Every structure is written in structure tokens, then in C-alpha cells.
There are 2 protein chains.
Amino acid sequence: MASIKDVAARSGVSVATVSRVLNGHPSVSPAARERVAAAAAALGYRPNAVARSLRTHQTRTLGLVISDVLNPFFTELARAVEDAARALGYSVVIGNADEDPQLQDHHMSTLLERRIDGLLVSPTDGGSALMTDAAASGTPMVFVDRWIPGLDVPVVRADGRAAVRDLVAHLHSLGHRRLAIIAGPAATTTGNERVDAFREAMREFGLPLPEEYIGQGDFRAASGRRATARFLDLPEPPQAVFAADNLMALGAMDEIRSRGLRVPQDVALAAFDDIAWFVHTDPPITAVAQPTAELGHAAVRALIDRVEGREAASVTLSARLVVRRSCGEPEGSKR
Amino acid sequence: MASIKDVAARSGVSVATVSRVLNGHPSVSPAARERVAAAAAALGYRPNAVARSLRTHQTRTLGLVISDVLNPFFTELARAVEDAARALGYSVVIGNADEDPQLQDHHMSTLLERRIDGLLVSPTDGGSALMTDAAASGTPMVFVDRWIPGLDVPVVRADGRAAVRDLVAHLHSLGHRRLAIIAGPAATTTGNERVDAFREAMREFGLPLPEEYIGQGDFRAASGRRATARFLDLPEPPQAVFAADNLMALGAMDEIRSRGLRVPQDVALAAFDDIAWFVHTDPPITAVAQPTAELGHAAVRALIDRVEGREAASVTLSARLVVRRSCGEPEGSKR
DNA sequence: CTGAAAGCGCTTACAG
DNA sequence: CTGAAAGCGCTTACAG
């Protein structure tokens, strides 16, 4: 592949001049500019970004470590991140941790070795040594969606508390009294927060929340199914199940169906995270919607602020309840 | 950030020796090995992959350009690609073309400038100059799913012909005679092939396929909806609609519903691409399933073969029909 | 087993 | 406006 040297030779100037025209430096004569452009085109010259990065100490690349690409919430987030980054002249490389702390560390290492300019992460677990190091090491970092308490890293997230309260109010108004929740991993902030918000709302409505109505999940479909099975095996099963993410809601639906039960007639179902498919499931699912694209954009802005030496603050957006038909909503109600 | 020089200084050896222990070169004394390891750990040394790449002329990175990350088929493909690549010691960086040829070229350029070792692409359009150049330029390349005829690049794909024929047979056996198809962009191979296979099967079953039963889509939901609207406005609307991808099927479902019609009672619906959500839609959707993960794995194997100087052949896997309930299948039929 | 040195492809002060 | 030169952080033949 042609290098800057080849372009210099062909256009009869030094590599310094070639570099200048390639970078749009103003002090180059029009003649030189033209000859270099012609030579570069003729040779099919393509700048070597790795050499440039070594020299300039920047890669114009952001890393994004997410816990599960197959989860539509994260896919959408990744998409928003890439869009925002591109608009600001950055590329993004994604590491999919697959909810596995070791794989997460693998991606963090790889990204750090590649000298990405900044790192966006939605941590899978409670924080490994690597995560702490990275935060301290000087690589600009920002947490999105999930975060790790105690680290001095800005957090861009949505607060679902009010929306979860609205959901409990909604279920209560539909006559449901025995409400259960499928929680995410206790090691994740989102895992905890959603349960906390739910517990608080239940208290507000004077509804009991026995331990056996709190199922333990891991944000994947299979765990939602297992937790639901446990609920349904109870002598007094819940009337409504709230899954702390969309994949676990899917698992819950599978389990309910496989027992010949119906949603919402036999068990009401609601989910945290709203995704395009929820409109098309049978029945359409009532969910707490996060402003996913805004989260991605805000996270990129915050990260690039840090990368470029500006201050970056945490940002908290809010979620909202989207009512559909999975909780026994009356037929005529707005969808 | 500490460099190899710092590690050398701290351990009292040359950078050459440090490099050797870091790379597991055999001829290093155990004593040196130990001192270097200790120094590296103490300094929190993290090798600089960009310097290494500049020197070795390899990045151990593969590029993957797909047409739409939000399409579950491609998300799954990307996931499989990453898994396979990681197992072989490579990272992958994804470029999302968003079905936009210009954006596709942007990603191709970026990837090429970053000197990825090889490129996996599922082309959005019929092939830009950049695509042709890249194929000729020496960067190892492999097409997955979609490809561009006329380029000397191995293709890893699934042949849906037999499965599409099975689908037509299935629809025919259920009594449907007026079958319509929502095609993908004519500039994509998958866009064409699926229509061809459909047309051929229709002929085999002695079914007419009038022009107005061939809707033009672009693999996105909105286009599926528009095409379906056109079908339903026809004086004699089709009894069954086959969408050439999952997103267009979603759009078709939206349009059918918004007119107060039901699937499958009023219109039967089937899709190319099977995705997890099709089990949960109302009704569950009959679809042609591609062996997505296998496609991803085979594509990576082929690409790495080329990267590492081995021969790589094209591979064609086959798709299969998955019968569910969206075509008017009798209640008791196997799902 | 070890080190000095060259070189990967760029950018950028410095001098003219 | 232009070029020679240094240097980014590595790896690796070469010599010892």
C-alpha cells in the first residue's frame, strides 16, 4: 500500500509538505497542493491511521463496552452512540461483555491497549480491579445506564423511579394486589434501583412485598423464565409480574404460556425497557420506556467533553410508563 | 502511561529484552523474565497496540460492515462474528451502514485507514468504486449474506431457494392462491434472489404472479408497511404476503392491523429471516430461517484463512422453513 | 541470553 | 512556503 513517501516522491515534494496538504494545513502553495492531490489519487493513497495515532497520541476512537448486544436496549444504545460519535468526528468500537465480567475485562484491556481516546461503559458486574484502574489511569471514562458506585466517573442514565411508581399505581388501579418483580443482578445498579423503586411504591400503596415475590434474574430470558416458574409454583402466585428488563419479560411470557395460562387474564405482565417489538407481541406489553437515544447522545457528549479536556457532568434523564394491554387494561383504553 | 522504556529502566534491562518477555520469546533468562514482569506490574504497564501494529503491519482486527445493526438478523450475525473472531485471537470493529451506500463507504474508508487485517461485508448497494478498489487493493475481504457479483471475493451465504419453495408449497396447501411478495432493494443480491426463488416456485405451482403483487421495499419496516398498503388497496388484494426480511414483515403487520384486518384470517403473512421475537408476536410468524450463527462463523474462518495466507472458498449453507401460525395453519398443527 | 540500532508511517517544531 | 530531522512505542535481524 502506498505511503506518504511514495506520494512525496511522485509529486516531487517532501513528506512534510504531503502531510501538510493531507491535513489541510494553510501554508502550502496551490501548485504543491495540486500536485500532491494528483499523486495521492493516482496511487490510491490511503493515510495510515495507526502511524498517525502513534504520532499524535490520539485515535479519534471511543470504546463502548455493553453487557449484551443481543438485548435490543443495548443495540439501540450502541446505535445512538455511534451516530453521535460520528457526528463529532469519532469512531466507536464496541465490546460485548455478554453479561460476563471476565469477557468485560477482556474487552476493556483490548480497548485500552488500542489507546481509544475515551471509554463508555455499562458495567456488567460490581466492578473489577481493571475497571477501577481504568477509571484512575487517566483514560477518560463515562458510565451509561449502569454504573459503579464509588468511582469518580460521570454517569449518564435514566431514573426510572417515578415511572415504576406509575406502573405500580397502574397495576393497583386495575385491581392487582399481589405484585411480583423479577430483579436484575444485585451487582448492577439498574438491578438494585428497579427493585428499590418497586418496593417503595408497593409500600406507598400499602401492598405487601413478600420475599418470594422477588425473583432473582440476570437480565437474560432464561432467568426470567425460571423466576416466573417459581412464582407460579407458589401456593398463592402473584397476579402481576414486573420484569426488570425486556429479555426477562420474554422469558416470563414463555413460562406463562407453556403452562397454558394467558397474559393478562391469568397473570399480568409488565417490563422495564420499551422496545419496538413490544407493540407486536401478544398481547402488546406495558412497559417503562427509557429515552435510549438521548442516553446515547448525552453519554457521547459527556465523554467527548472529557476527552477534549472540558468538564463533564453526570446527567439523569427520566423514564415514563407506556400503557398497552398486558396488565388487563380495558379494551377501549388508549394504547 | 508507562511505555516499554519505563519498564526497561525499572527492571534494568534493554527494551529489546522487555519486548521479548512481553511476547513470550523463549530466549530470555528466568531472572530477566521475572524482573520485567515485576516492573511491568508495578508500573501498570499496558502495551501500546498502535505502536506494535505499526511495526508488525498487523492489527489483529477484522472489520465488519453491515447494513443495519437494528435488524436482529445482523445483530445476531455480528455477535457470531465477534465470538468466532475472538476465539481466533482477533477483535472486530463494526461499521453500521444503515442501508446507506454513502455511510457504507465512510465505514469502509475508516476501516481501511485503520489497517484492519481483513474485511467482512454485507453490501448495502450494488457496489461503489470504493468497494471494487478495496477488493482489488489487497485487503483480504469476504462477503457475508449479501454480495456483489463480478468481484473476486469469497461469499458466505445461505441459499433460501428451497425454503422459499417450501413456503410457497405451504401457502398453496393452506388454500392460498393469490400470493404477493415484498422485495428487498434490487441492488442487493438477497433482494433479487428471494424474488427469483419466489417467482420460480409460483410458476411451479401454476400460480400467477402479477406485477402489482411484487412490492418494492428496502428491508426497513416503513417500506414493508407502504408496500402492504398498496397490496391492500388493490381491487383484488393478495391472500398472503411474503416479506423478504423480518423488518418489512413487521411493517406489513402494522399496516394490516391498522386497517382492522387480522393475520392470518384476513391476510396470511410470512417472512424471510427468523428471529427470536417471531415466536412471541401475535400470531407467531411463519418464517424462513437462516443459519445465522453458522454464517458468521464460516465467514470469519474464510476471512482469517485469507488473512493468514491460506486459500478461502465460498460457502453456501441452506435455509429452512419454520411453520408457525401466521399463514392460517390449523390450530393443532405443529408449531 | 542480551543489547544497540534500524525502521514501521506519520506529524510538527525549527530553521530557512 | 518548504524541507530535514526528531520522535511516537514498539519489534526484530544482527552481532556478540
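Computed from heavy atoms alone, side chains included, the values below leave out hydrogens, waters and symmetry copies. Keep in mind that this is a model prediction, so the values were computed, not measured. Order of the sequence lines sets the chain letters (A, B, ...), proteins ahead of strands, with each chain counted from 1.
One interatomic measurement links the two molecules: CD of B:Q58 to P of D:dT11, which rounds to 11 Å at whole-angstrom precision. The separation between B:I4 atom CD1 and C:dA4 atom P is 14 Å, rounded to whole Å. A:M1 has its CE atom 15 Å from the C1' atom of C:dC8, to the nearest Å. Regarding B:N48, its CG atom lies at a distance of 5 Å from the P atom of D:dC10, rounded to whole Å. A straight line from CG of B:D6 to C1' of D:dC10 spans 13 Å, rounded to a whole angstrom. For B:K5 and D:dG7, the NZ to C1' distance is 9 Å, given to the nearest whole Å. Separating the NE2 atom of A:H57 from the P atom of D:dG7 is a distance of 12 Å, rounded to the nearest angstrom.
Ionic pairing of B:R60 and B:E308 is present here: one or more N-O contacts between side-chain nitrogen and carboxylate oxygen are shorter than 4.0 angstrom. Residues B:R79 and A:D98 are paired through a salt bridge, judged by an N-O separation under 4.0 Å between the basic side chain and the carboxylate. With respect to the salt-bridge test (charged N to carboxylate O, under 4.0 angstrom), the residues A:R157 and A:E294 do not qualify.
Contacts of B:T17 with the nucleic acid, taken as non-hydrogen atoms under 4.0 Å apart, involve only primed sugar atoms and P, OP1 or OP2. Residue-level contact check: B:R52 touches the backbone only, with heavy atoms under 4.0 Å from sugar-phosphate atoms and none from bases. Using a 4.0 Å heavy-atom cutoff across all strands shown, B:V13 reaches sugar-phosphate atoms only and no base atom. The residue B:S3 sits close only to the backbone: its heavy atoms come under 4.0 Å of sugar-phosphate atoms, none of a base. Contacts of A:A49 with the nucleic acid, taken as non-hydrogen atoms under 4.0 Å apart, are absent.
Side-chain atoms of B:R20 and base atoms of C:dG3 include a donor and an acceptor less than 3.5 Å apart. Scanning atom types as modelled, no donor and acceptor separated by under 3.5 angstrom connect the side chain of B:R55 and the base of C:dG9.
The base-pairing partner of C:dA15, taking Watson-Crick or G-U wobble contacts with both distances under 3.5 Å, is D:dT2.
Judged by closest nucleotide on DNA chain C, B:G12 is the one of B:T56 and B:G12 placed further toward the 5' end.
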Decide yes or no on salt bridge (charged side-chain N to carboxylate O under 4.0 Å, His left out) for B:R301 and B:E311, but give the supporting numbers first. CA-CA 11 Å; B:R301 274 195 304 269; B:E311 281 296 301; over 6 Å; no

